[in-house]
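See structure below.
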2 protein chains.
Amino acid sequence: MTNSSDLSLGRRVMAMIEALAQHSDDPGRITRLYLSPAHRAAAETVLALMRDAGLDAHIDALGSVIGRMEGQAPDAPALIVGSHIDSVVDAGRYDGNLGVVLGIAVAQALRDGGAIPACPIEIVAFGDEENVRFPTNLSTSHALAGRFDPAWLDGRDQDGVTLREALIRFGGDPEGIAALARDPARYRGYLEVHIEQGPLLESRNLPVGIVSAINGITRARAHVTGEAGHAGTVPMAMRRDALAAVAEMIGIVERAGGTRTDTVATVGVAQVQPGAINVIPARVDFTLDARAPDDAVRNAMVQDIVTECETAAERRGVALTIEPFMDSPATPMEKGLMTVLEDAVASLGIEPLRLASGAGHDAVAMAHLCPAAMLFVRCKDGISHNPAESITLEDADMAAHVLIEAVRKLTAPV
Amino acid sequence: MTNSSDLSLGRRVMAMIEALAQHSDDPGRITRLYLSPAHRAAAETVLALMRDAGLDAHIDALGSVIGRMEGQAPDAPALIVGSHIDSVVDAGRYDGNLGVVLGIAVAQALRDGGAIPACPIEIVAFGDEENVRFPTNLSTSHALAGRFDPAWLDGRDQDGVTLREALIRFGGDPEGIAALARDPARYRGYLEVHIEQGPLLESRNLPVGIVSAINGITRARAHVTGEAGHAGTVPMAMRRDALAAVAEMIGIVERAGGTRTDTVATVGVAQVQPGAINVIPARVDFTLDARAPDDAVRNAMVQDIVTECETAAERRGVALTIEPFMDSPATPMEKGLMTVLEDAVASLGIEPLRLASGAGHDAVAMAHLCPAAMLFVRCKDGISHNPAESITLEDADMAAHVLIEAVRKLTAPV
């Protein structure tokens with residue numbers, strides 16, 4: 001598993017990552033919400049980088065940056081390489097950005113190599129993947145797939161600003177969204193490189209891996225209502241303690257996630273009322289996030305959780321309501337593109353490991369337009385959505401070489 | 001279990017309760033923190049009620065209201081009847097106030113009856129029982145027992161005001177606190193009537209009950225530190241989920257409280273960080289409140305909780321710290337006074353049930369001065385520290401008659 005590269009591609013990638021990391025809405029940390037001033041600045045930087053790489057680039061009606069390299073056959077179905085440049089609050093520098101700058105670096109490397117691809121290549125920097133600011137779901141990539149929901153324009157951020165208003169301030173064009181939809185016949189595939197955001201590659205000592213599927217997600221809000229009481233005076237047998245009930249339910253969720261293969265189930269939020277040391281909790285609101293690469297498995301897991309939690313609530317005399325608000329199906333990656341990525345990985349002397357993606361990505365939306373596949377890059381300790389997010393120069397370079405191999409193969413003359 | 005009373009004593013008690021309920025620091029609800037303007041106004045009302053009842057009354061250096069009726073032998077050890085008039089935030093109207101106004105009603109009834117007690121009787125309205133505003137512990141009743149801790153004067157409320165500053169604004173006298181300490185030789189006993197704050201009397205269909213002991217309390221703050229991670233990408237087996245760990249610990253606490261007789265154990269606070277639906281919790285801070293009428297039983301219970309939680313933390317790879325900050329011993333009530341109360345209850349046709357007090361009371365401090373005992377009054381649904389706190393006119397009347405019987409017996413000429 002040696003890499004004979006001089007790391008020049010990796011260095012170029014890291015330099016572009018550094019340039020993008022300068023753009024933040026918050027001083028001292030990286031926060032780059034969709035359509036914010038920092039997003040605009042980052043989009044301008046991407047535009048300049050794309051033009052430096054020889055791409056014909058523009059910022060589209062929703063703020064996505066698109067850079068195109070024409071191929072020998074202008075009408076041949078194009079290959080898209082992309083990811084996103086928006087971020088969560090207090091983010092790391094690689095999530096999303098890595099896939100965008102790798103696309104640019106690969107396009108430039110191909111151009112520098114003098115080869116003209118058989119088909120056009122588009123590099124895309126989406127803007128709304130984290131879905132933090134507005135109640136949207138991958139709106140910018142869904143727009144390319146012709147699935148932008150116009151109701152999203154009326155969604156508001158926490159300051160009450162609608163997406164429509166923010167888009168106009170950004171310099172976008174609400175009227176131009178429908179025209180962003182691409183003709184599926186004109187696209188041969190979508191490739192996205194992204195940090196793993198998990199610890200598997202690190203634990204397997206592998207720099208990259210091939211995504212097999214993007215897990216489906218069920219999300220729900222749950223509320224347990226018991227009865228408040230004095231912590232000193234209500235006998236244990238007469239209590240209807242909402243927190244003790246939810247503690248049992250958290251155990252149910254944990255076991256349900258752990259007993260199946262490749263599933264996860266998480267309670268990330270639990271808010272206790274009234275929340276005083278000497279008061280038996282009256283109410284707890286909590287969340288459920290359950291994921292699996294197979295929808296039937298996920299649905300069975302969620303049904304087990306609901307049934308067992310209801311049984312616990314009944315036994316304890318507390319009221320339980322569970323309100324599902326997301327049921328996002330799994331997105332298997334396209335077999336042909338996966339094989340291309342596997343061959344590219346193997347050609348560089350790396351074991352081509354397949355792994356499921358627990359996180360959602362723009363590839364979920366793009367899979368509605370054309371075949372889609374993803375390459376994951378090892379990240380330190382599996383940490384993401386955090387300033388401690390980190391990858392090595394060597395891994396960035398390796399990912400660039402894998403992507404070059406895959407793009408060459410996919411855009412070679414037939 | 002009939003009560004031949006015309007309920008006139010109960011009506012007088014309820015009228016005084018209504019008068020005190022008018023004094024609040026918050027509009028629309030009862031909040032009367034120690035040394036607040038509402039506390040001052042309530043103390044003035046108590047002072048006037050005491051004087052109406054013929055008592056020689058004053059407000060002492062710490063804001064407690066003291067009303068004294070001299071006896072035939074001025075130097076005979078006095079009987080104290082009291083409770084408190086401070087409240088929690090958004091309180092009910094009976095907690096504390098009931099014991100104060102019952103004392104006043106009983107003194108007035110004795111005076112109206114023309115009998116002169118053999119020894120002096122003091123009615124006391126303490127001001128700092130809830131210990132909500134300052135980091136104190138029954139400071140006003142401990143002062144009478146000569147156990148006021150001068151460090152309490154430097155404790156601050158959430159606005160940064162020290163107890164000393166608040167006491168001076170209230171009209172009190174920090175320099176006069178030491179002189180509040182009473183000579184134990186001059187006091188024969190302390191009686192306190194209080195709502196039960198629990199559901200036992202109601203479940204037994206009894207208006208009143210005799211307290212056997214005030215439970216000892218252990219309180220601790222605990223912190224579990226695991227590792228944050230993406231809820232979609234970190235496999236269950238690689239997680240160090242702080243909330244899943246605390247959920248297991250809450251189950252340990254609940255079982256420890258429920259397996260022994262008369263013990264309770266409660267987790268009332270659990271705060272999750274970072275607290276996002278898609279992030280594995282990194283840290284949870286929670287509280288423990290464990291009580292028992294027997295200190296050895298309580299200590300064994302707490303030790304079991306600590307040991308089992310440490311085992312769970314080790315197995316899960318999370319860090320656990322438990323910081324005890326209260327270890328308040330149990331206070332058995334004095335047998336002689338209990339018997340007097342039991343006889344009084346039985347003489348009114350009520351089964352004299354003994355029950356432990358899960359909550360702390362001024363009687364804990366007063367037991368350091370002289371023999372102490374308490375009578376509990378049934379409250380609706382066991383609810384306290386809540387606007388829904390409620391007792392019936394009939395039970396208030398019954399409590400007044402029990403207290404009259406007990407006071408007559410204790411202050412009768414020998």
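Chain identifiers are assigned alphabetically (A, B, ...) following the order of the sequence lines, protein sequences preceding nucleic acid strands; residue numbering begins at 1 within each chain.
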Checklist entry - Given that the side chain runs from C-beta out, which part of B:Val279 has a heavy atom under 4.5 Å from chain A: side chain, backbone, both or neither? => result backbone
Item to check | A:Arg221 CZ: over 12 foreign heavy atoms closer than 6.0 Å | outcome: no
Item to check | Atom CZ of B:Arg204: over 12 foreign heavy atoms under 6.0 Å | outcome: no
Item to check | Heavy-atom side-chain proximity of A:Glu196 to B:Thr233 below 4.5 angstrom | outcome: no
Item to check | Atom of B:Val264, atom of A:Gly232 and distance for their closest heavy-atom approach | outcome: CG2-O, 3.9 Å
Item to check | Pairs of heavy atoms under 4.5 Å with chain B: top-ranked of A:Ala356, A:Gly198, A:Gly358 | outcome: A:Gly358
Checklist entry - Is any residue of residues 244-252 of chain A within less than 4.5 Å of chain B by heavy atoms, and which ones? => result A:Ala244, A:Ala247, A:Ile250
Next on the checklist: If we check side-chain contact (heavy atoms from CB on, under 4.5 Å) with B:Pro199, which of these qualifies: A:His230, A:Arg239, A:Met238?
Outcome noted: A:Met238
Checklist entry - Taking B:Ala276, B:Gly382, B:Gly275 one by one, which has the highest count of heavy-atom pairs under 4.5 Å against chain A? => result B:Ala276
Checklist entry - Taking every heavy-atom pair that is under 4.5 Å apart, which of A:Ala290, A:Gly229, A:Gly360, A:Ala265 has the most such pairs with chain B? => result A:Ala265
Checklist entry - When rounded to the nearest 0.5 angstrom, what distance separates CZ in B:Arg291 from CG in A:Asn278? => result 6.5 Å
Item to check | Which atoms of B:Leu288 approach chain A - backbone, side chain, both or neither, heavy atom under 4.5 Å | outcome: backbone
Next on the checklist: For a side-chain contact (heavy atoms from CB on, under 4.5 Å) check, start with the C-alpha distance between A:Met236 and B:Asp262, then their side-chain angles and the critical distance, and finish with the verdict.
Outcome noted: CA-CA 9 Å; A:Met236 300 304 285; B:Asp262 287 341; over 6 Å; no
Checklist entry - Just wondering, do A:Met326 and B:Ile277 contact through their side chains at under 4.5 Å, heavy atoms? => result no
Checklist entry - Considering only heavy atoms, which portion of B:Ala231 lies under 4.5 Å from any heavy atom of chain A: side chain, backbone, both, or neither? => result both
Checklist entry - Side chain, backbone, both or neither: which part of A:Thr263 has a non-hydrogen atom closer than 4.5 Å to chain B? => result backbone
Next on the checklist: For A:Gln158, is the CD atom crowded, meaning more than 12 foreign heavy atoms sit under 6.0 Å from it?
Outcome noted: no
Checklist entry - For B:Pro281 and A:Val267, which heavy atoms make the closest approach, and how far apart are they? => result CG-O, 3.5 Å
